Amino acid sequence: MNASSNSKCPKTYRDIMMDYFQSFVEDAANQGSNILLSTEEFDRAETNITEMTNVLIPQGYKIHAVVYYRRFYDWIHSWYNQITKSRWNGWNPNNDPFVQWLTNDRLQEFQSSYSVAVYNRFMEAP
């Protein structure tokens, strides 16, 4: 299985991870178990949703996407707080206040990770 876009790990680890995921899904299906996948990483535009569905659907799973909706400006302010409290200095190297940090370019950049865009990506996947 090609796992090239579902992780930021080196390719060998992605391959191992996706092989494990496929084995996990097969075992769960054989046992008649349901699967709940939950992660904040699903908001990343590079997540290959089709690849995941190609593992789940052949095993007979019906996929239901549940997206938590949070008001955009509440969400983006929370994100800003996380990066300024941590050491993700690449996102705010000058420790700019929120009103200076949130530029038009940054608004455009973050829209792809927001609830509506995530929902649309999941709905477009086969």
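This structure is a prediction, so every number in the text was calculated from the model and none was measured.
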**Prompt:** Could you walk me through whether T47 and M52 pass the side-chain contact (heavy atoms from CB on, under 4.5 Å) check?
**Reply:** CA-CA 9 Å; T47 299; M52 291 189 312; 4.3 Å; yes
**Message:** Please determine whether side-chain contact (heavy atoms from CB on, under 4.5 Å) holds for the pair N120 and V116, giving the CA-CA distance in whole Å, both sets of side-chain angles, and the decisive distance to 0.1 Å.
**Reply:** CA-CA 6 Å; N120 288 335; V116 175; 3.8 Å; yes
**Prompt:** What's the verdict on side-chain contact (heavy atoms from CB on, under 4.5 Å) for F21 and L56, showing C-alpha distance, side-chain angles and the deciding distance?
**Reply:** CA-CA 10 Å; F21 178 65; L56 293 163; 4.3 Å; yes
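Distance check, rounded to the nearest 0.5 Å: CD of E109 to CG of N104 gives 12.5 Å. In this structure, the separation between CG on L37 and CD1 on I35 is 6.5 Å, given to the nearest 0.5 Å. Going from atom CD of Q31 over to atom CG of D27 covers 6.0 Å, rounded to the nearest 0.5 Å. In this structure, I76 CD1 and L102 CG are separated by 6.0 Å, a value rounded to the nearest 0.5 Å. Atom CE of M17 and atom CD of Q22 lie 13.0 Å apart (nearest 0.5 Å).
The backbone N or O of W101 lies less than 3.5 Å from a partner atom in the side chain of R106, making a donor-acceptor pair. Here the side chain of Y114 pairs a donor or acceptor atom with the backbone of F72 at under 3.5 angstrom. Proximity of a side-chain donor or acceptor of R121 to a complementary backbone N or O of D43 within less than 3.5 Å is detected. N54 places a side-chain N or O within donor-acceptor distance of the main-chain N or O of T50, the cut-off being under 3.5 Å. Of the possible polar contacts, none joining the D96 side chain to the Q100 backbone as a donor-acceptor pair under 3.5 Å is found. Using modelled atom types, no side-chain atom of S78 and backbone atom of D74 make a donor-acceptor pair closer than 3.5 Å.
In this structure, N92 and Y80 have side chains that are in contact, with non-hydrogen atoms separated by less than 4.5 Å.
Applying the ring-ring contact (aromatic ring centres under 6.0 Å, His included) test to pairs two or more places apart or on separate chains, those with a residue in residues 28-53 are F42-F122.
Aromatic ring pairs are classed by plane angle as parallel below 30°, tilted from 30° to 60° and perpendicular above 60°; the pair W75 and F110 is perpendicular.
Across all non-hydrogen atoms, the minimal contact from S112 to A117 is O-CB, 3.6 Å.
Linking Ile, Leu, Val, Met, Phe, Trp and Tyr whenever their side-chain heavy atoms come within less than 4.5 Å leaves I16 and F24 in two separate clusters.
The ring-ring contact (aromatic ring centres under 6.0 Å, His included) test applied to Y61 returns no partner, not counting sequence neighbours.
Ring-centre distance between W79 and Y73: not below the 6.0 Å cut-off.
More than 12 non-hydrogen atoms from other residues, nucleotides or ligands lie less than 6.0 angstrom from CG of N30.
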